[in-house]
Amino acid sequence: TYQIAVIPKGTTHEFWKSIHAGAHKARMELATQGIMVNVIWKGPLKEDDREQQVQVVENFIGRRVDGMVLAPLDRRALVGPVETAARGKIPVVIIDSGLATDKIASFVSTDNREGGRIAGRNLGKLLGGKGNVVMLRLQVGSASTEEREEGFLEVMKKDFPGIRLLSTDQHGGATRDTAKRVSENLLSRFGREVNGIFTCNESTTAGMLLALRDAGLAGKVKLVGFDSGETLNAGLKSGDIAGLVVQNPLNMGYLGVKTVVAVIRGEKVPAQIDTGVGFVTKENFNDPAMADIVNPPLAKYLK
Amino acid sequence: MSDVRLRLTAIQKSFGATRALKSVSLEIAPGEVHAIIGENGAGKSTLMKILSGAYGADAGTMNLSGVPYLPENPHDARLKGVAMIYQELNLALHLSAQENILLGAESARAGWIDRKTSRERAQAALSQLGHEGLDLDRLAGDFSIAEQQIIEIARALLISPQVLIMDEPTSSLTQADTEKLFATIARLRARGVSIIYISHFLEECRLIADRYTVLKDGETVGSGEMAGASLDHIVTLMTGREVKDLYPRTAHPMGAVVLEVKAVASKPRLRQATLQLRAGEIFGLGGLIGAGRTDLLRAIFGLDDLAAGEVCILGAPTRAVGPKNRWGQGVGFLSENRKEEGLMLNQTITDNLTLTKLGAFGRMGWVNGARQEAVAQRWVGELRVKCRDAGQLIGELSGGNQQKVALARLLEHPARIFLLDEPTRGIDVGSKAQIYQLVSELAAAGKAVVVVSSYLPELLGMCDTIGVMCRGELTAVRPRAEWSETEIMRAATGSAG
Amino acid sequence: MKEISRVMLAKGGPFIGLILVIVLFSIPAETREFFLTYNNFKIIFTQTVIVAIGALGMTMIIVSGGIDLSVGSSIALTSVAGAQLIQRGWAPIPVLLAMVAVGALIGLLNGTAIAGLRMTPFIITLGTLGVARGSAKWMADNQTVNYDSSPINGWMTTADPFGHALPAGVWVALGLAVLTAILLRKTVFGRHVFALGSNEATARLCGIATTRLKVAIYTLAGAFFGLAGLFQLSRLRQGDPTVAVGLELDIIASVIIGGASLSGGVGTILGSMIGALIMAVLRNGSQQMGWPTYFQEIIIGLVIIVAVFLDRLRQGRQA
Amino acid sequence: MKEISRVMLAKGGPFIGLILVIVLFSIPAETREFFLTYNNFKIIFTQTVIVAIGALGMTMIIVSGGIDLSVGSSIALTSVAGAQLIQRGWAPIPVLLAMVAVGALIGLLNGTAIAGLRMTPFIITLGTLGVARGSAKWMADNQTVNYDSSPINGWMTTADPFGHALPAGVWVALGLAVLTAILLRKTVFGRHVFALGSNEATARLCGIATTRLKVAIYTLAGAFFGLAGLFQLSRLRQGDPTVAVGLELDIIASVIIGGASLSGGVGTILGSMIGALIMAVLRNGSQQMGWPTYFQEIIIGLVIIVAVFLDRLRQGRQA
Ligand SMILES: Nc1ncnc2c1ncn2[C@@H]1O[C@H](COP(=O)(O)OP(=O)(O)OP(=O)(O)O)[C@@H](O)[C@H]1O
Ligand SMILES: Nc1ncnc2c1ncn2[C@@H]1O[C@H](COP(=O)(O)OP(=O)(O)OP(=O)(O)O)[C@@H](O)[C@H]1O
Ligand SMILES: [Mg+2]
Ligand SMILES: [Mg+2]
C-alpha cells in the first residue's frame, strides 16, 4: 500500500472538498488495477498560516509517506520542506498553486493566468467594453490567485481601454468574514460608480456576493468570480453572479494522486499538467459538460 | 554621653496631611540596646524606616559615627552598616531560606553566585541566632511565621551591621526563640553593635534594653536609663491623657445573652477565647498587635474557619457560617484593615456606604439610586465626612474620613451585634467623641457591641466590660470598674500577676 | 457640575476619541462624500454589532476583575451549532435560544472553573479558547456548515440598502447595551459586580457570595457571546468554525479603550460601545482612504496604549 | 533528598506529562514505527525551536511576574527586518545580530513602558502586539519579503533529512536553554528575577533596583524573540509579516504547562522546554495517528487547564 499525503491550503472551502473527492476517485480507480493507495488528508491547523503548513509537510516526511500531493499556501515558504522531502526521496506533486522550486515531481493545476484572462474577457464583454471595475485580491503570496489577478489585469488593460479600474489593491483575506467586511467597505466607497467586479477565489467571491446583496447591488453590478460551490451556484442561478470561472478541482485531486503514484512506480510524468478551466453562466449551468465541475459528485467518493 | 554611634536630631515626617513625626531626637552609643516605646501610630516604625532608608525625612539631621548619614535607599543604608528587620514580614516566599537571607547582598563573582560562600555566610548568620539546624534549601513559604522571622533576622545580621533595628521582632516568636534572640542581642552588644529595639512587650524591654525613649504622637516625651525606670512610669508616659469629657455615655441596661463564644480557636494566632455578650452591652477587647483580637472577631464573623470551639448567636449554635450568613443573622463587622478588607477605593462614598444592604434600596433586585444617595448624604452630614459630596470616590478622601464611611456602613446596617475592630483608627479627637456617642446609643437601643481597640482610654471610656488578650488567649474579662490603663497594659504584655 | 466633569473624565476620553477619528476621516474632500453618509454609518454600525455584543459581556467580566480569552472560539462554536440546528429545520427563535444557551454553557464552565477551583481567568479561558475552537471544528467536521436559507440571514441586513432602516442586529445590540448599562448601574447584581472587581475581600466581607457571583457573571457574559455568534452566523449565512480568531483581543481592546481597567471595578457600557465604534470607524475610514490595513493595526495599538496611559493618570490623580 | 523531591514536585509533572504523551503515541503499532524514530524526533525538535526560544524569554518575564502578548508580532517584525537586510546583501552574522537587536529594542520599549510608566504588562504588550504587527506589514509593504538565497536558510534544516545530524537551530535552542537556566539559577540577575516576581516590595526593600531590572528582563526576552524571528525566517525562507499570529498563546501555554505561575516567582527553563516539547509532540503525534487538527486543539486546551490545576494544588500544599 502506498501512503499518499494530500495537503490542501485549508479544509473549510468547498473547493477543497472537491479535491478531496478527486483524490479518493483516484484511489478507487487504482485499486481496481490492483494498486493499493491510502490517502491521508490533512490541512494546516490555521488556514492562512504558512508555518503551520510547513509543519504538516515536515511531519509527513517524519512519517515517511511514499508521496505527497501539496497545494502550497505560499510559493516560497513551502520550498524548504518540499526540497527536504525531495532530498529524502519522497516525491511531491504540487497542485493548484505554484511553488518556486524545480525539485517537484510535477505541477498539476489550472492555467490560472488563463483563468484570469477568461474572467477579464467575459467581464469586458458583459460591460460592453466600458464602465468601472473593482478587483478584490485574496492575500499576499498566494501564487494561484496572484496569477489570476495578473491575467485579469492584463486583459483589462490590453483589450478594454474603455474600462476604468477603480480599485485593484485590496486583499479580502482568507475567510468569508474578512472578505465580506472588506467588500462592504469597498462598496460603501465605490458602490455608486462600480459596474463590474472580479473576485479571485471562492471566499472572496462569497464575501463580495453577500456584501453586494446587503448593499442592494446584487444583479446590478456584474460580478465575475472564481470557483464554484453551493453558495456561489445559488448566486449564479439567481442572477446575482454574472459568471464564474470554474476550475476542475475534482480532476486536480484525481490527477494529483495519479501522478504521484506514477512517479513512485518509476513512470515518466510531464512536468506540468493542465486540468482545464471553463466559464459558467446561468445559461450553460445545466449543460452536462459542466455538471461534473459545478456539481461534483462528492458523496460518491467521500464515503 | 561622650561616645555616640548614632544621633538623630529633630526628625520630621508627614504623609500628606498626617504628621507622623513632629520632632524626634535620639542618641545611641555603641554596644547599647535602646528600646523605643510608644503607642500604635506614635511614629516608631516611621522613624525606623527613615533610618533604614525606606523613607526620606522631611526635616532633621542624622549622624552615623560622626559623619552625616543620608541613606538613599535600603540598599545604601545596608552598605553603610544599618540593617533593619521590618514590622511586616518581608520575604520572597518562592525562594529558599538561603536565598532570602542573601537577597540583595549575594556573594558573587562577576555576577555569578558563589554557592559555597553563600551557604557559609547564611549558615554563619543563623548560627549567631542559635538556629544552625534550619534547612537552608527549604522554600521560605514552607516555614512557620516564627521561622520566617528568624530568616529575616538572619538577613539583617548578614552584613555585620553597626546599627541593627528590630521593629517588634518578637511579636511572632515563641518564648524559646525569644530567649535565643536575647542571647544573640547580648552577643552583638558585646561586639559593640548598637541595637534599636521596638516592642510592646515592656517586660522584654526592661530585660534587654540599656536605655529607652518614649514616643507619643510623633514626639519624644521621655527617655532615660532602663535600670532606674518603673514600668508604671513608662506606661504613663506612653498613654497618659485626660479622658473624662471625651466619653459621653448614655444609660444602657443590659438584656439577654445574644452572643456566646465558647473556647474558640482559629489560625493563625487565636488560641482560645470564651466570652458572653448581652444585648445593650459594650464589650471591649484590649491587647497588643498580634494578640489575636482581630482573629477572634474574624472567627466570630465566619471569615476564618474555626479550629476548635463554637459560636452561638441568640442562643443557638450556628451551622451556616461565612460573612453572607452572618449579615443575615444580624451580625455586622468592621475590619481593621480598611484598605484591603473594608473599602472599595475606586468606588463612591455612596456605593461604599450602602454595600451591605443594597437590596433594601428598592424592590426585586433594583437599586433606587436616589434613596441610596439620600442615606449616604445623611451620614456624610452626621459624621462630618469631609468631601465634595456623597458621589466622590473613597480613594480621594483622607484616611480618617475613609474610616468614618466604613463605620457608617456598619451603623446604617440593621444589625443586632456589632463587631468593631479598631473603629476609631485614624479618626480625629472631635469625631471620636461622636462615634463613642453613636456606639453608646446603639447599646441603649438594645444592640450588642464588641470593640477591639489598642487605645486604652477609649476602652476604659466606652466599654461596660473589658477583656484583654495576650498571645492568642483571652485571659481576663472583668467589668470596666476593675481595670486601669496600667492594669490593661500589664495584662496585655503578659506581665500581670 | 462636578458630577458632569467626573463623567467627562471617565467617559469623555473615548467620546472625544470617537469624534476625533470621525473628523479625521471627514477632512479629505474625496472621502468625505462617501465616509460621512448615513449609509456608510449604517455599514459601520452593522460591522460593530458582533464586537459590541461581545464587549457587553466582556465589560461585565473586566469590571468584575476577570478576563475571558475564549470569546472568539465561543462565537465560532455557537455559530456552528446554530447552523446545524437550522440544517435540521429549527425555527429562528429556537435557534436563537439554543445558541444563547450554548454560549452561556461555555461561560458557566469558565465561571465554575475560575470561581470554584480558584484558578486565574487568564489561564482557564486560554484553555477554553483551544477546547471551544477544536470542538467547533469537530462539530462542523472541519468544514463550513451551510444551510439553504433561514430568516436569520436577514437579521444583519435590510431589505432596502439605501433606505433608512437599520438591520435588526443593530437594534438588538443597542437595546442590549441599554439593558446591560441599567443592569450594571441600577441593580444589586450590577453593584455587586463593581464591588467584586474593586475589592474582592471587601465584597466577601460585606456579605456578597463571590463564588456564585463570578459564576453568574461568566455565564451571563457567555450568553452574550452566544448571541454574538448568532449575528456572526447571520452575516456569513453559514456556520464557520474558523471565524473570529483573535476577536477576543479586539473586544478586550474596545472595553479598555472605553475606559475600563483590567484591575477591575471600573468600566462603563457606554464607554465600551464607543470603544467598539472607534475601532470599526478606524477600519472603515482607513479603507475608504485607501490606507493599508497595517495602518489600522498600528493606530489601534497606539490608541490602546494611550487610552490606558490616560486611565492611569486619572487613577493616579485619585490616589 | 529533599532537594530531589522538590525538583520532582516542581518539574515532575511536566516531565511525566511528556513521557505520557510519547507513550500514548507509541502504543498503536501502525504509528509506532514512524513516530518512535530518531528522524521523527528530529522533526519534532526542529518544530519546537521557535516556540522554545520564545519560551526562554517568556519564562523570565513570567517568573518576574509579568507577561508579554507581543511575541508573535515581534517575531514577524524581526523576520521581515532580517529578510530586508538579506536583500541588501548583509552577511548572515550581521543579519543575526541586527535581528536580535530589533527584538531587544521592542522589548526595551515594552519594559520601559511597563516599569517606567508603571502600566500593566498585559495592556502595554497588547498595544505593542498591534503596533509591531502593523509595522511589520508596513515595512514589508504588505507582502512577503523574498530574497534569492542565504546561508540562513540552511539553519533550520539538514542536508540529509534521514541523516543523524540535527539542524543548527536545535543546537542553538539547546545551548541557549542551558545558558538561560544557568542565568536564572546561578547568577545574581536570575536570583533577582525570582525575587521580583515573588515579592516586589521585598525585592525593593532588599536593595534591588526593580525598575532597571524589569527593563533588563523585557529587553533580554525581546532579544530571544528576535532570535526566534531569525529561525522563523530561516524556516520560511522569506520574511512574512503575517507569520506567528497567536504564537504568544502557544508560548505562554508552554511556560505554564512547564510549571510556571502567572503570579510570578515560580518557573523553570527545563519545565518550559518540556512544555514546548509536549505541544510539539502532541501536534506531530496526532498527525501521525491521522487525527484531525481539531483534536489537537482540544487536547492542548485541556492540557493547559489540567497542568495549571495541578500547579494550583501544588501551591496550595505549600501555603
Ligand atoms: N505610608 C504612609 N502613608 C500615610 N500615613 C502613614 C504611612 N505610614 C505611616 N503613616 C502614619 O504615620 C503615623 C505613624 O505611623 P508608624 O507606623 O510610624 O507608627 P508606629 O509607632 O510604628 O506604630 P505601631 O506601634 O503600630 O507600629 C501613623 O499615624 C500612620 O497612620
Ligand atoms: N508575625 C506576624 N506576621 C505577619 N503579620 C502579622 C504578624 N503579627 C501581626 N501581624 C498582622 O497584624 C494584624 C493583627 O494581628 P491579630 O489580628 O492577631 O492581632 P490584633 O490583636 O487584632 O492586633 P491589632 O492591634 O492590630 O488589632 C494581623 O492582621 C496580621 O496581619
Ligand atoms: Mg510600627
Ligand atoms: Mg487587629
Side-chain angles (χ1 to χ4, degrees), chain B residues 49 52-55 71-80 82-115 118 135-144 148 151-152 155-156 158-159 167 267-268, chain D residues 1-10 59 62-65 179-213 216 220 259-268 271 311 314-319:
Chain B
K49 283 179 181 167
S52 78
Y55 293 159
E72 282 167 29
N73 52 40
H75 188 55
D76 190 30
R78 277 165 71 101
L79 289 181
K80 289 176 168 144
V82 177
M84 170 146 179
I85 299 154
Y86 293 91
Q87 188 171 0
E88 319 82 39
L89 283 174
N90 256 299
L91 291 176
L93 297 182
H94 302 102
L95 300 190
S96 72
Q98 182 204 314
E99 287 163 347
N100 265 291
I101 291 172
L102 291 166
L103 196 59
E106 289 84 0
S107 300
R109 255 182 256 119
W112 290 82
I113 290 182
D114 181 342
R115 275 191 72 84
S118 296
D135 183 355
L136 280 173
D137 296 317
R138 239 167 98 196
L139 297 190
D142 291 342
F143 288 101
S144 73
Q148 290 180 356
I151 294 172
E152 282 228 45
R155 182 198 285 156
L158 189 78
I159 59 161
D167 197 349
K267 282 175 181 169
Chain D
M1 274 320 289
K2 276 172 189 161
E3 175 72 1
I4 289 171
S5 74
R6 191 161 72 82
V7 168
M8 272 301 291
L9 246 172
T59 305
I62 288 182
V63 165
S64 81
L179 286 182
T180 315
I182 292 174
L183 181 73
L184 280 182
R185 280 278 141 219
K186 303 274 175 200
T187 69
V188 175
F189 172 81
R191 191 61 55 79
H192 288 182
V193 173
F194 275 91
L196 176 66
S198 178
N199 189 337
E200 187 168 345
T202 293
R204 204 172 321 110
L205 282 178
C206 287
I208 297 171
T210 50
T211 305
R212 236 186 305 149
L213 182 62
L220 184 54
S261 152
L262 275 178
S263 44
V266 184
T268 62
D311 188 64
R314 202 162 71 218
Q315 288 186 347
R317 216 185 49 83
Q318 279 172 19

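In what follows, every chain begins at residue 1, and chains take the letters A, B, ... in the order their sequences are listed. In what follows, every heavy atom counts, from backbone to side chain, and hydrogens, waters and symmetry copies are set aside.
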* Asked: Which residue out of B:Leu103, B:Leu79, B:Asn100, B:Leu102 racks up the most heavy-atom pairs below 4.5 Å with chain D?
  -> B:Leu103
* Structure fact -> Heavy-atom closest pair (B:Ser52 atom, B:Ala77 atom, distance to 0.1 Å) is O-CB, 3.3 Å
* Asked: What heavy-atom pair brings B:Ile113 and B:Glu106 nearest, and what distance separates the two atoms?
  -> CD1-CG, 4.3 Å
* **Which atoms of B:Arg109 approach chain D - backbone, side chain, both or neither, heavy atom under 4.5 Å** => neither
* To do: Report the distance from atom CG of B:Leu91 to atom CG of D:Asn199, rounding to the nearest 0.5 Å.
  => 8.0 Å
* Determine the minimum heavy-atom distance between D:Gly207 and B:His75, stating which atoms define it. => CA-CB, 3.3 Å
* Which bit of D:Leu205 is near chain B, if near means a heavy-atom gap under 4.5 Å: side chain, backbone, both or neither? -> both
* Measure B:Glu99 against the heavy atoms of chain D and call it side chain, backbone, both or neither at under 4.5 Å. => both
